[in-house]
Amino acid sequence: MTKHTTLGWTAAGLALLLLGSTAMGQEAAPVNWWYETASPANQENLKTILVDPFNEANPQYKLSIDFRGAELDKQLRIAMLSGSGPDVVYTPGPSYVASMAQAGQLLPLDDYAAKLGWNDRILPVFLELGKYNGKLYALPKTYETLGLFYDKKFFAENGWAAPKTIPELETLADAMLAKGIVPFAAGNADWRPTNEHYVSIILNSIAGPDNVYKALKGEIPWTSEPFVKAIDTLDSWWQKGYFGPNYFSLTGEQAFAQVATHQAGMAPTGTWNFSNVPTYFPQNNADPAFVGFPSGEGVPYPIYALGIGSTFSIAATSKQPDGAAAVIDYVFSPDFYGKMNTVWQGEWNTPLADLSQVKIGDSVTPLYGEAMKSLATAVDANQYGYTTWTFMPPATDTYLVSGIEEVWLKKITTAQFLETLQSTFKEEFDAGKVPAVPARQ
């Protein structure tokens, strides 16, 4: 009998014992999880694929998900300070984990990782990203990247090719403007941190991931020339109108839909938008494509900026840490991966080390699997970059989101933006709040 089989029988026996206890009148212990924004359909997906089957399989616990919307981050910060937060702590990324771990708000997960087999089940680089001072405090919900979505049919009709270099991108964007087409489908009305998607793209594609890595390690300042060139370029795109006239009034989904209707030519965005492809592309007879974002001089193509969309932790004050760990363990199963990615692509690409047992429905576009394979290949080939929401410490990341708007609106210069970014980063770097940055190969 293998180790896994033994554990399976033990778990089954324990579940039957606990089922009996519950049936005899013992109430199930509540396990609470605060979640971000989700459409009604995806709220139902979470209920039918996660909450209901988890509670059925673990009758000693009663999982509930509380949808907090765009205010989740703010509410979570306040609750964690007072010790009244949820059992499953769901953060926007590793940059938030370091400060929470430093404040003693999170439970170390090393024992659970060993007991439940997470060390073998999850790709090592993502385990490293969840560590602070050598201890594991978080696991990633999904790993993602940034690139360009477009309609292949529309490009072919206009004689356009997907750009691979920054000059090619700018030539194409200018051609779109000449036709009255917004080059970049973009909007931050529902999520102001959308701003940093474009900062992440430009830092990696023009300054290059090696320079970003050095800055994250404190080896060069963010005021260095490569970053000046990157932010100046991004600002020039804004001033030329590449982002269109309605950036501040369009939601991310509304903006993405414009690619399928040809109001916009390209969407420089993340793989989470695969969840919107089946909603908008088929009904507009559009043929979706996704490629890496073009690279500047001296930067290989393609560079896929590596991001962790959200993380799972357990509150240090949780009354049901074992229950919270059981929920996280349930999410990191091949069965859950297959079912959730069948109905909700781009948000649940959990970093399982072995996907051989995963079965995804035939309705899912093959493009999604191809994009995830490209990302995995890029990571393996050391051809990946760094998203700001994953690798920047929290105060630096927060300033980046608001500061880039001030650059676009001509309230501050690129130099002033990068000076404040550097001083904020230096303070957090010295305080040990920068997330773990795995060494480049």
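Note that the numbering runs from 1 along the sequence shown for the chain.
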task = Indicate whether any N or O donor in one side chain lies under 3.5 Å from an N or O acceptor in the other, for Thr142 and Asn349.
result = no
ask   = So does Lys131 pair up with Glu128, basic N to acidic O under 4.0 Å?
value = yes
ask   = Mind checking whether Phe290 and Tyr368 have ring centres under 6.0 Å apart?
value = no
message = For a quick check under 3.5 Å, do Thr311 and Thr91 share a side-chain donor-acceptor pair by atom type?
response = yes
task = Flag yes if more than 12 heavy atoms outside Lys141 fall under 6.0 Å of its NZ atom; otherwise flag no.
result = yes
Donor on one side chain, acceptor on other, Gln254 and Asn246, under 3.5 Å = no
message = Can you classify the ring geometry of Phe54 versus Tyr61 as parallel (below 30°), tilted (30 to 60°) or perpendicular (above 60°)?
response = parallel
Asn58 versus Tyr330, side-chain donor and acceptor atoms under 3.5 Å = no
Centroid-centroid distance, His197 to Trp272, less than 6.0 Å = yes
request  = Check whether the ring centres of Tyr384 and Tyr304 lie less than 6.0 Å apart, and answer yes or no.
outcome  = no
query = Is it true that a side-chain atom of Asp110 and a backbone atom of Lys135 form a donor plus acceptor pair closer than 3.5 Å?
reply = no
key: Distance-only side-chain donor-acceptor flag, Tyr337 / Gln357, under 3.5 Å   = no
task = Indicate the ring-plane relationship of Phe425 and Trp222, choosing parallel, tilted or perpendicular according to the 30° and 60° boundaries.
result = perpendicular
ask   = Just checking, is any N or O donor in the side chain of Thr251 or Glu253 under 3.5 Å from an acceptor N or O on the other one?
value = no
ask   = Would you call Asp329-Lys115 a salt bridge at under 4.0 Å N-O?
value = no
ask   = For Thr387 and Ser200, does a side-chain donor sit closer than 3.5 Å to a side-chain acceptor?
value = no
Member of Phe243, Trp237, Trp238 meeting the ring-ring contact (aromatic ring centres under 6.0 Å, His included) criterion with Tyr198 = Phe243
key: SB check Asp73 Arg77 (cutoff 4.0 Å)   = yes
message = Walk me through whether Leu50 and Ile65 qualify under side-chain contact (heavy atoms from CB on, under 4.5 Å).
response = CA-CA 10 Å; Leu50 177 58; Ile65 296 180; 4.0 Å; yes
